[in-house]
Novice: 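If you scroll down you'll find the structure; I have some questions about it.
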Amino acid sequence: MQINGFSKLSKKEKINWLLQTYFHNETEAKRVLTQYWHNDAKLQALHDGFIENSISNFFLPYGIAPNFKIDNQLYTIPMVIEESSVVAAASKAAKFWLDKGGFKTEILGLTKIGHIHFLYSGSTQELIQFFRRNRPLLLEAIAPLEENMKKRGGGVKDLNLIDRTSKIDNYYQIEFKFETADAMGANFINSVLEEVAEKLKILARHQLTGNLNILMSILSNYTPDCRVKAIVNCPLEALETNEMSGIEYARKFVTAIEVAEKEPYRAVTHNKGIMNGVDAVVLATGNDFRAIEANAHAYASSSGQYTSLSHAKIENGQFYFWLEMPLSVGTIGGIAGLHPLVKFSIQLLQNPSAEKLMKIIASAGLAQNFAAINSLITSGIQKGHMKMHLNNLLNFVNANEKEKQIAYAYFNDKKVSFSALKKLLNRN
Ligand code: MEV
């Protein structure tokens, strides 16, 4: 049903409209919605303030994975995720690597990119001369915006005119390179771009013979030069299992990675496993998981074929397993200073810089990937998953303690299915 002026309604009016329009049992729907309201009105108002038309809160579990040794420092990592087994897998992998030197990391760049996209109808040569002449003026225009960021070691690092007329008629960009210190930097970058675009418009009007039309000014969430690497390694013998020697295990592992490197169908699932770890920490620290996802997958396809973000090799009796990915995150700005649980996460991680958070997130991604490949090449993925799946199903059918014990015993050596569980517990 269409409604006009919805955003002007009070929270109560919005909910009333919603309940009357879409629900038969309004009382029950209202109960579901309001049971998640926070008792503390101030805290509720804080959460409502994050977005528009907020009517309730949507809970996700906040788990923790201890025993992460990253560059010789121990961390307990916060993970916000709805999927069972992810936190357990991260913890298990962290513990496995703990006495093998842990995770080692390296920042491979901190450069972020933004563009003013515009059309120019005149000659390219004239535009190049114009840009060269006015470059200092453009930089001058953003000096006040940059002042604080510069104090923190960030700011505009470069700007260049790029001719894209081979892609679209009359299309050019001014490409900016930024560093944004401990902030993710989206607000700073977009403010700088818009300010320069305004100045550009004015200068162009007076100095250019053709028409310069600003199309848009926006950061790029693709940051291949803001990148981090996390690696683990150990002697082959340390990988021995009951079923396989260390070398057999390592070879199987490396081949599984090779499959993800060469086969996009597998690469997507493989990288999804990495993102299980990455996104969970990204969410817990109040960062933008959509930007992180878009960035990661663009990077994974940068060769022209979608491929694995992680790699592995055997060399001189050692097993090496590493992840390299772009990550643009912040530990200040955004909701970092507002959301109490985000603040808690940042404190739990010992107040990391953005660089350190990149390293922690990459380690969580690598741990998750290790755990997944380990399961896949040994017991299979369902074994661990099914235990949690059974718990979820038992909760879904409101099983009591006795029924739970019956189900655990019954499914100990059988595949879990909802129909088998319903049959076992006499549910329709
Ligand atoms: C499930 O969320 C993630 C996995 O499918 C990842 C993988 O297959 O590598 C287990």
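Read the numbers this way: they start at 1 and go in the same order the structure lists the ligands and their atoms.
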Novice: Considering the heavy atoms of Leu376, write down every atom of ligand 1 situated less than 4.0 Å from one of them.
Specialist: 7 (C), 8 (O), 9 (O)

Novice: Quick one: does NZ or CZ of Lys313 land under 6.0 Å from the six-membered ring centre of Tyr320, within 45 degrees of the ring axis?
Specialist: yes

Novice: For atom 10 (C) of ligand 1, what is the nearest protein heavy atom, given as residue, atom name and distance?
Specialist: Ile381 CD1, 3.6 Å

Novice: Which ligand 1 atoms, with their elements, are less than 4.0 angstrom from a heavy-atom of Asn276?
Specialist: 1 (C), 2 (O), 3 (C)

Novice: Using a 4.0 Å cutoff against the non-hydrogen atoms of Glu83, which atoms of ligand 1 qualify?
Specialist: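 Listed by number with element: 1 (C), 2 (O).
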
Novice: Once you measure the plane-to-plane angle for His117 and His115, does it fall in the parallel (<30°), tilted (30-60°) or perpendicular (>60°) bin?
Specialist: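 Rings of His117 and His115: tilted, 30 to 60°.
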
Novice: Under 4.0 Å from any heavy atom of Lys272, which atoms of ligand 1 are there?
Specialist: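 Reading through ligand 1 atom by atom, the close ones are 1 (C), 2 (O).
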
Novice: Asn369 versus ligand 1: do any nitrogen or oxygen atoms come within less than 3.5 Å of each other?
Specialist: no

Novice: Ignoring hydrogens and angles, tell me if any N or O in the side chain of Arg152 forms a donor-acceptor pair with the backbone of Met149 under 3.5 Å.
Specialist: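 Answer holds: no.
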
Novice: Which residue, Leu348, Leu283, Ile360, Val87, forms the side chain to side chain contact (heavy atoms under 4.5 Å, CB included) with Pro78?
Specialist: Leu348

Novice: Please report which non-hydrogen protein atom sits nearest to atom 8 (O) of ligand 1, along with the residue it belongs to and the distance in Å to one decimal place.
Specialist: Arg266 NH1, 2.9 Å

Novice: Going by atom types only, do His47 and Ser54 share a side-chain donor-acceptor pair under 3.5 Å?
Specialist: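 His47 vs Ser54: no donor-acceptor pair found between side chains.
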
Novice: Apply side-chain contact (heavy atoms from CB on, under 4.5 Å) to Ile174 and Phe118, showing your working.
Specialist: CA-CA 8 Å; Ile174 295 184; Phe118 66 96; 3.7 Å; yes

Novice: What protein heavy atom lies closest to atom 5 (O) of ligand 1? Include the residue and the distance to one decimal.
Specialist: Thr269 CG2, 3.6 Å

